[in-house]
Protein chains: 2
Amino acid sequence: MPTISDVAKLSGLSKATVSRVINNHSYVSKEKKDLVLKTMKEIGYTPNPSARKLRGQVTTTIGVIVPRIVNPFFAYLVDSIEQAAYSKGYQVLICQSHEDRDKEIAFLNLLKNRQVDGIIMTSIENEWQAIESYIEYGPIVLCNEYIENSKVPMIHLNQYKGAYIGIKHLIEKGHKRIAYCTGGLFAEQGKDKDRNQGFQTALKESGIEVEPELIFVNKHTVEDGKQVMKNILKMDDRPTAVFTGSDEIAGGIMMEAIECGLRIPDDIAVMGFDDQPLAELLNPKLTTIKQPVEQMGKKSIEIIIDLLKNPEFKVQTYELPIQLVVRKST
Amino acid sequence: MPTISDVAKLSGLSKATVSRVINNHSYVSKEKKDLVLKTMKEIGYTPNPSARKLRGQVTTTIGVIVPRIVNPFFAYLVDSIEQAAYSKGYQVLICQSHEDRDKEIAFLNLLKNRQVDGIIMTSIENEWQAIESYIEYGPIVLCNEYIENSKVPMIHLNQYKGAYIGIKHLIEKGHKRIAYCTGGLFAEQGKDKDRNQGFQTALKESGIEVEPELIFVNKHTVEDGKQVMKNILKMDDRPTAVFTGSDEIAGGIMMEAIECGLRIPDDIAVMGFDDQPLAELLNPKLTTIKQPVEQMGKKSIEIIIDLLKNPEFKVQTYELPIQLVVRKST
DNA sequence: TTGTAGGCGTTATCAA
DNA sequence: TTGATAACGCCTACAA
């Protein structure tokens, strides 16, 4: 692999001059600049990123932490982030936390180590305080997460509203007994608390009581959805609709329901969350809450780059629109 | 960020000794070793990867090139590779080529630049010759691709057989007019040529002619599948079955067919490829060809690490089993 | 068993 | 406008 010294030697100039050309610094004569450029091309020179990072330059790399890439929601989010980054000359380092606290910390250390210029977090595993302590090493942007009183920019959706309009839709369709699946624990604090509140408010406004046996917590996967449906089938007094936390859970629920001869939405209505490509592939097509993944990715990159270029950049919160997509499952 | 010098100073030892401890070298007294370990923990020291890479050490990083991460097949493949790598102490750098030749070359340059120790390629965009020239910089392993007479290890599936058993299955079910979707161009060479041959052989064995109007080329997405079905619906003499190159195309075909009132498999049988989670979510559940993604990932990592540890490692080809999964769509 | 010193490739500072 | 040089953090000959 040719180095900057090779380029210097071959063009009869100093490393310093070559470096200036590489980094588009001023005070290089057009003549020498062209010579350097030509030589670089000739021997196929590429700057060594490790050396650059070590020297303490900008890395033009942004880390993106996601729980798992096999979750299509995050795959699309990462993809949109990467494309936005690429168009601005940045690389993206994809980091899967696999919901592991230690891995998350290890990725945050990339900031300390100057492996990345900034980090976009799409999920949070550790205490916020621990995470926030890393902002002294570089910008952190929250994408699709929301933390009260944090000092970092957040690009997020109004999850409260998402659940609210979803449940409202079910109520309008005449449902009164609505099962509810959350990824968290239906607690006041923690994951999905905003959605939980949207759910409760919507019910309350229609004078419907929350029935604890219709709340399913810690559900994430297709398999979870199947289990939920199995439980519902055992009930004497079944709910007439199910609101879920993701299209995948909804898919599992539908699969199991159809397997057992139930008709959707006549026997039971099912509602997803995310609006993944899957939603349109299900039969009947899934009514769901659309999250504007592409916009979130683009905005996150925009913000983090602004922050990089101007550390005084005003930290604020961006809320993107979330909307109901009515299809055939409700 | 603390450096090795900080650890050395604080523990009253030299950088060399600290380095030896970090890298588990011999000839360090237990006493000093413990002292160093303690000091490292105290000040939260982590070695700087850039410095290590620059110094020309192993990076314990393996690059994985995929076309796009939003394709679930590749998402699962990457995930299995990452998990296998992690369990052996390696990191994985996920590289999306987005089917761009230049990006692929840029990623190959990671090898030159010593950013990664080796590269696993799950797709190929450039001429093989150009790619192969990079093996002088480090091992390249092909995963899910096959190149005649290459000098690199390959972990792949018998795609010929995949298509063959799929088509055979349809024929056994009594189908004689079978539409065929490929990601490539139905050429003698190039992408999907093995599948194409399996398709043709299976037909020939049953005395069925290939009907050019039933061949759909360059199909990849759900949207493509919908288009294919639209074309089929316009035909006077419709095929009774469709063999596709991925579960997603199959999903698009089913969606459109159902939309237009066709029953699956009675009016038209549909067959996928991959056995993604989606296959079980479709209604009816999709008959498909299962690709052992997890095994492929694991094997690829195994091979590339063997190669890293022993450059004399004998290069060979590994074929993993591919199998038919019969569900309800055929 | 431990320490010293040099160099990996780059960029910034200073001097010319 | 250009060049020499030091420094980023680490590892490894070589010396002690």
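In what follows, chains are A, B, ... by sequence order, proteins preceding strands, each numbered from 1.
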Base C/dC8 to side chain B/Arg55, donor-acceptor N/O within 3.5 Å cut-off: no
- prompt: Is there a donor N/O on one and an acceptor N/O on the other, under 3.5 Å, for the side chain of A/Arg20 and the base of D/dG3?
  reply: yes
- prompt: Think B/Asn23 has a side-chain N or O under 4.0 angstrom from the OP1 or OP2 of D/dC11?
  reply: yes
message: I'd like to know if A/Asp34 and A/Lys30 make a salt bridge, using a cut-off of under 4.0 Å between side-chain N and carboxylate O.
response: yes
query: Does A/Thr17 make a side-chain N or O approach to OP1 or OP2 of D/dG3 shorter than 4.0 Å?
result: yes
- prompt: Regarding A/Asp192 and A/Gln159, is there a side-chain donor-to-acceptor distance under 3.5 Å anywhere?
  reply: no
- request: State whether A/Lys15 places a side-chain N or O below 4.0 Å from either non-bridging phosphate oxygen (OP1 or OP2) of D/dA4.
  value: no
Any A/Arg52 side-chain N or O less than 4.0 Å from OP1/OP2 of C/dT11: yes
query: Is any side-chain nitrogen or oxygen of A/Ser14 closer than 4.0 Å to OP1 or OP2 of D/dA4?
result: no
message: Whether B/Lys298 and B/Glu302 form a salt bridge (side-chain N of Lys/Arg under 4.0 Å from carboxylate O of Asp/Glu) is what I want to check.
response: no
- line: Between A/Pro47 and B/Ser29, the residue closer to the 5' end of DNA chain C by nearest nucleotide is B/Ser29
- prompt: Touch check for A/Lys53, heavy atoms < 4.0 angstrom, all strands: base, sugar-phosphate only, or nothing?
  reply: nothing
query: Within the structure shown, what part of the strands sits under 4.0 Å from B/Ser19 by heavy-atom distance: base, sugar-phosphate, or nothing?
result: base
- prompt: Between B/Thr3 and D/dC8, is there a side-chain N or O to OP1/OP2 distance below 4.0 Å?
  reply: no
field: Phosphate OP1/OP2 of D/dT2 contacted by A/Lys32 side-chain N/O (<4.0 Å)
entry: yes
query: Side chains of A/Gln276 and A/Asp274: is there a donor and an acceptor less than 3.5 Å apart?
result: yes
